[in-house]
Amino acid sequence: MNDSGNNNSKIIDQYIEREEFDFAINYIDSIYDQNPDDISVLIDRAEVYYKINETKVSKDSWERCLEIDPNNVICAEKLVELYCTIGEVNCDLSIDYLLKIDSENITALNFKAKLEKDLGNIDNAIKLYNKTLEIDSRNINAIEELAILYTNNKNVLAIDYYDKLISLNPTSLAYYNYGFYFQINNDFINAIEKYKLSVSLNSNSPNSYYSMGYCYFSIALSSINNNERRKFFEEALISFNKTISLNGSYLEAYYARALCYVELGDKKSAIEDFKFCLMIEPGYEPAMIGIADVEKNI
């Protein structure tokens, strides 16, 4: 890009930063009218319109860019991102086109892997994500996707990928997914540890608290020590209370809390929560069964 192109980009960035989108559009369109086949202008114009969700103009600009310069990786990448994000029929073709230009393009490989995953071709998706990591060993998207794919298969390899992901990007979601891996493998203690780390980074995540409660509840059910059982049911109750405080319509949390109350002998509170389930979802069969069982034993 020449100095003029760099200057245009800076001016546009300043308009965008100030959210003066009309000024940005008027500025880039005035330049485009004078230079309709300038690659840098087409790229800037596409970006401006993309930011205001005028994706047709963006698409046309990137496509025109490739007509002028068929090997332009920037425009090819942008079309892949656009087509594949909105589920356009040209998604697959745009990926293949980009890979012909650049066989090791990370954007193309990641989107191709996602396509394979969505089609249920898990082995192909894993191979493609691993190919991405051969090129870029720190690619967050590929590491995260591999962790999730191995989690779905209950494969111990998920642990390696979660550890790597967290070393690079320790987010609440990463810890939550890590906890879920342990949860579905019935390792509830390790799951709780990860869920606690998840809420330490985001204390407003009802799913993390609910999953933590589920694990406490599961441990309590398997315990043969009455004091230990009560302790873990009470821990579960705390987690479900927190879930409900964050999301007052969390059906599963009300139902799980009702079960905790049943186990702790608080039948009145259990019935109240079962009834609240029916307010959220009339006809919710587990809650109806719960009410009948509690009333039968009163």
Side-chain angles (χ1 to χ4, degrees), residues 147-148 151 154 158-159 162-163 165-166 169-298:
I148 292 170
T151 292
K154 297 185 177 182
I159 292 175
Y162 281 123
D163 284 341
L165 175 63
I166 287 167
N169 191 31
T171 64
S172 175
L173 180 60
Y175 279 117
Y176 173 80
N177 288 333
Y178 203 170
F180 184 69
Y181 164 78
F182 285 117
Q183 179 181 319
I184 63 175
N185 283 286
N186 297 321
D187 185 349
F188 299 118
I189 297 297
N190 273 320
I192 289 169
E193 177 193 338
K194 301 306 179 188
Y195 290 140
K196 284 182 176 178
L197 290 167
S198 175
V199 298
S200 73
L201 294 174
N202 178 12
S203 60
N204 296 314
S205 172
N207 290 337
S208 294
Y209 285 107
Y210 173 77
S211 296
M212 198 186 308
Y214 175 92
C215 292
Y216 279 126
F217 188 87
S218 299
I219 294 171
L221 287 178
S222 64
S223 176
I224 59 175
N225 181 294
N226 286 335
N227 289 334
E228 190 177 74
R229 279 173 65 89
R230 185 171 188 84
K231 170 192 165 188
F232 283 116
F233 280 130
E234 288 173 348
E235 290 286 354
L237 194 63
I238 291 170
S239 295
F240 295 136
N241 284 339
K242 184 65 177 177
T243 306
I244 291 166
S245 73
L246 292 170
N247 181 353
S249 300
Y250 206 124
L251 174 66
E252 294 83 359
Y254 280 104
Y255 177 72
R257 189 170 73 172
L259 296 180
C260 281
Y261 283 133
V262 170
E263 294 292 341
L264 293 169
D266 187 348
K267 295 178 180 180
K268 180 177 180 295
S269 294
I271 289 176
E272 287 178 358
D273 271 356
F274 284 137
K275 287 182 177 179
F276 208 95
C277 288
L278 295 174
M279 290 175 61
I280 297 171
E281 185 178 315
Y284 184 61
E285 189 172 356
M288 292 190 291
I289 293 171
I291 292 172
D293 287 344
V294 172
E295 290 180 339
K296 182 173 63 178
N297 294 307
I298 292 177

Qualifying residues under side chain to side chain contact (heavy atoms under 4.5 Å, CB included), relative to Ala253, sequence neighbours excluded:
Tyr210, Thr243, Ile244, Tyr250
Could you report the tightest heavy-atom contact between Leu278 and Gly283, atom names first, then the distance?
CD2-N, 3.9 Å
Can you confirm whether or not the ring centre of Tyr195 sits under 6.0 Å from the ring centre of Tyr176?
yes
Other residues, nucleotides, ligands: >12 heavy atoms within 6.0 Å of Phe217 CZ
yes
Passes side-chain contact (heavy atoms from CB on, under 4.5 Å), Met212 versus Val199? Steps please.
CA-CA 10 Å; Met212 198 186 308; Val199 298; 4.1 Å; yes
Salt bridge (charged side-chain N to carboxylate O under 4.0 Å, His left out) partners of Glu234, counting only residues at least two apart
Arg230
Looking only at non-hydrogen atoms, find the nearest pair between Leu246 and Pro206 and report the distance.
CD1-N, 3.9 Å
Heavy atoms, side chains only, cut-off 4.5 Å: are Ile219 and Phe233 in contact?
no
Please enumerate all residues that pass salt bridge (charged side-chain N to carboxylate O under 4.0 Å, His left out) together with Glu281, with sequence neighbours excluded.
none
Distance (rounded to the nearest 0.5 Å) between Asn190 CG and Ile159 CD1
8.0 Å
Within this structure, what is the CD-NZ distance for the pair Glu272 and Lys268, rounded to the nearest 0.5 Å?
4.0 Å
Residues in ring pair (Phe, Tyr, Trp, His ring centres under 6.0 Å) with Phe188, at least two apart?
none
Could you report the tightest heavy-atom contact between Ala236 and Gly213, atom names first, then the distance?
CB-O, 3.5 Å
CD-CZ distance between Glu193 and Phe182, expressed to the nearest 0.5 angstrom
7.5 Å
On a heavy-atom basis, which atom in Gln183 and which in Cys215 lie closest, and how many Å separate them?
OE1-SG, 3.8 Å
How far apart are the closest heavy atoms of Cys260 and Leu237, and which atoms are they?
CB-CD1, 3.9 Å
With sequence neighbours left out, write down each residue that passes side chain to side chain donor-acceptor pair (under 3.5 Å) with Ser198, or none if nothing qualifies.
Ser172, Ser208
Set of side chain to side chain donor-acceptor pair (under 3.5 Å) partners for Asn186, sequence neighbours left out:
none
Enter the distance from Asn177:CG to Thr171:OG1 here, rounded to the nearest 0.5 Å.
8.0 Å
Rounded to the nearest 0.5 Å, what separates atom CG in Leu173 from atom CG in Leu165?
8.5 Å
What distance separates Ser205 OG from Lys242 NZ, expressed to the nearest 0.5 Å?
11.0 Å
Does Tyr178 have any side chain to side chain donor-acceptor pair (under 3.5 Å) partners at least two apart in sequence or in another chain, and if so, which?
Asp163
Could you tell me which residues satisfy side chain to side chain donor-acceptor pair (under 3.5 Å) with Asn169, sequence neighbours excluded, listed by chain and number?
none
Write down the atom of Ser239, the atom of Tyr209, and the distance for their closest heavy-atom approach.
CB-O, 3.3 Å
Going by side chain to side chain donor-acceptor pair (under 3.5 Å), name the pairs with one or both residues in residues 217-228, residues two or more places apart or in two chains.
Ser223-Glu228
Glu263: partners by salt bridge (charged side-chain N to carboxylate O under 4.0 Å, His left out), with sequence neighbours left out:
Arg229
What residues form a side chain to side chain contact (heavy atoms under 4.5 Å, CB included) with Ile184, not counting sequence neighbours?
Thr151, Lys154, Phe180
Heavy-atom donor-acceptor pair, Tyr254 side chain to Gly248 backbone, under 3.5 Å:
yes
Applying ring pair (Phe, Tyr, Trp, His ring centres under 6.0 Å), can you list everything that pairs with Tyr255, at least two apart in sequence or on another chain?
Phe274, Tyr284
